[in-house]
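Structure first, commentary second.
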Amino acid sequence: MNETTAVQRPPEPDFSAMTTEELITYRTAENRWRASGAARAFLGEPDPGATIEWQDITLPGRDLPVRVYRPAPGEGESATPTGLPLVVHVHGGSFVGTAAQCDWTNSHLAARLPALVVSVVYRLVAPDSPLAHAADDGWDVLRHLVEHAARWGIDPTRTAVFGESFGALVSALTAIRAREAGLRLQAQVLVNPVVEVTGTMYDYPSVTEYAYSPSPALPLLRMLRRLAVPPGTDARAFSPLYADDLGGLAPALLVVPTQDALADHGRRYAERLRAAGTSVRITEYPGARHAFLTLPGLEPQAEAAQAEILAFLRTALEG
């Protein structure tokens, strides 16, 4: 997973007519660009107060790469601080995406909370890799880290999940699984989340309004559902919006950019969490686009959203 600088971004394909071979070719090239120095003008520079490295986590039946952000040790401090809060992050993208695209926000969180931030490189959805795989990856990484807290230098009683777009779907599912397993989370942060993958996931005014502008959201959502939910899969089981019980979950911050097809997904999920008695705060960013948090070089509200997330997590995870 070497990061390179002289990388050309591939042209955006026609998602409505993409073959499996074209998907693999496109996401390889796109992820190479997102992990490159050439993308930093858009994706932002990492915080120099954090260290960043790739590591592998051994899970049942697979080794999963993660991108690990730690506060850089100060003069005279141990190179491996202990007792840090933990933030398990899941990047957006579903069938394309890399943890490296989120270096700007995750390095700032690691340096300024401070905390250990671990970004999950989940199995991207594909014809042979449904949403169930990504959901398992998010949960299994969280469980592994908590079970091996001393090895990672974390305080397992101060743990949060944080996801963006499809990653927010995985994080929301992870928060529900944590409650069911008796693992107490202190917070969940969901940024422009997908919260359902049923046949009604398109039936929202925001999806209609922003179906093709400022980006081709509807073809992307249709492709996501086709890959994520194979025939015979219970889509409601992977749609946190339709969970039987949303009570007793970690306090939630929902960050909703308004110029986004998924804006109403976030609004509706906030309503359901509140109705179930789960503490929730929803903040809308007027005029911001879907992936605005990962685009500080283009989106002026990215810094305000990052600051809000930092403050929310600091309050939730303070010892």
Side-chain angles (χ1 to χ4, degrees), residues 1-5 31 33-55 65-93 97-121 141 145 152-155 158-165 167-168 171 186-187 189-192 253 255 283 285 288 291-319:
M1 294 195 179
N2 294 325
E3 297 173 7
T4 57
T5 54
N31 285 349
W33 180 82
R34 294 187 190 190
S36 73
R40 290 281 170 81
F42 308 98
L43 302 180
E45 293 289 342
D47 191 308
T51 64
I52 307 173
E53 64 177 343
W54 290 106
Q55 291 186 224
V66 294
R67 194 151 172 87
V68 181
Y69 307 79
R70 292 183 175 89
E75 186 175 349
E77 293 181 345
S78 169
T80 55
T82 60
L84 289 171
L86 169 68
V87 179
V88 177
H89 171 267
V90 189
H91 67 80
T98 168
Q101 72 196 36
C102 304
D103 281 356
W104 178 69
T105 287
N106 286 338
S107 64
H108 278 70
L109 291 180
R112 300 183 187 189
L113 277 172
L116 178 75
V117 181
V118 177
S119 192
V120 181
V121 184
V141 167
L145 293 169
W152 287 86
I154 60 170
D155 176 356
R158 296 190 291 153
T159 297
V161 294
F162 166 31
E164 305 168 53
S165 189
S171 294
Q186 299 303 306
V189 177
L190 310 176
V191 181
N192 44 274
L253 170 65
V255 175
T283 304
Y285 286 82
F292 82 115
L293 183 63
T294 61
L295 296 168
L298 296 175
E299 292 281 350
Q301 297 191 77
E303 289 191 8
Q306 184 195 80
E308 181 183 23
I309 293 166
L310 174 64
F312 179 80
L313 288 174
R314 181 177 287 138
T315 298
L317 297 173
E318 62 186 358

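Within the 4.5 Å cutoff, no side-chain heavy atoms of V189 are placed close to those of V87.
Annotation: the span from Q306 atom CD to T105 atom OG1 amounts to 4.5 Å, rounded to 0.5 Å. One distance of note links CG of D103 with NE2 of H91; it measures 11.5 Å at 0.5 Å rounding. Taking OG1 from T315 and CD from Q186, the interatomic distance works out to 12.0 Å, rounded to the nearest 0.5 Å.
Between A50 and S107, the shortest heavy-atom contact is CB-O, 3.4 Å. The minimum heavy-atom distance linking A302 with L293 is given by the pair O-CD1, 3.9 Å.
Looking at residues two or more places apart in sequence or on another chain, you find a side chain to side chain contact (heavy atoms under 4.5 Å, CB included) between E303 and W104. The side chain to side chain donor-acceptor pair (under 3.5 Å) check on E299 picks up R289, with sequence neighbours excluded. Applying the side chain to side chain contact (heavy atoms under 4.5 Å, CB included) test to T283 and every residue at least two apart in sequence or in another chain returns L253, R281, Y285, E308. In this structure S165 satisfies the side chain to side chain donor-acceptor pair (under 3.5 Å) test together with H290, sequence neighbours excluded. Taking the side chain to side chain contact (heavy atoms under 4.5 Å, CB included) definition, one finds that T294 meets it with C102, E164, A291, sequence neighbours left out.
Remark: side-chain polar atoms of R40 are not paired, donor with acceptor, to backbone N or O of E45 under 3.5 angstrom. Side-chain atoms of N31 come within 3.5 Å of backbone atoms of G97 as a donor-acceptor pair (strictly under, hydrogens ignored). Side chain of S36 to backbone of W33: a donor-acceptor contact under 3.5 angstrom is found.
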Steps toward side chain to side chain contact (heavy atoms under 4.5 Å, CB included) verdict (V255, F292): CA-CA 10 Å; V255 175; F292 82 115; 3.8 Å; yes
Tell me, with the steps shown, if V191 and F162 meet side chain to side chain contact (heavy atoms under 4.5 Å, CB included). CA-CA 8 Å; V191 181; F162 166 31; 3.7 Å; yes
Mind running side chain to side chain contact (heavy atoms under 4.5 Å, CB included) on R34 and F42 for me, showing each step along the way? CA-CA 9 Å; R34 294 187 190 190; F42 308 98; over 6 Å; no
Working for side chain to side chain contact (heavy atoms under 4.5 Å, CB included), residues T159 and L145: CA-CA 10 Å; T159 297; L145 293 169; over 6 Å; no
Compile the donor-acceptor pairs under 3.5 Å between side chains in residues 109-121 and protein atoms, sequence neighbours left out, one pair per line.
| from | atom 1 | to | atom 2 | distance (Å) |
| --- | --- | --- | --- | --- |
| R112 | NE | D47 | OD2 | 3.1 |
| R112 | NH2 | D47 | OD2 | 3.3 |
| R112 | NH2 | H108 | NE2 | 3.4 |
| S119 | OG | H89 | ND1 | 2.7 |

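Under the side chain to side chain contact (heavy atoms under 4.5 Å, CB included) rule, R67 has a single partner from N106, I52, T98, which is I52.
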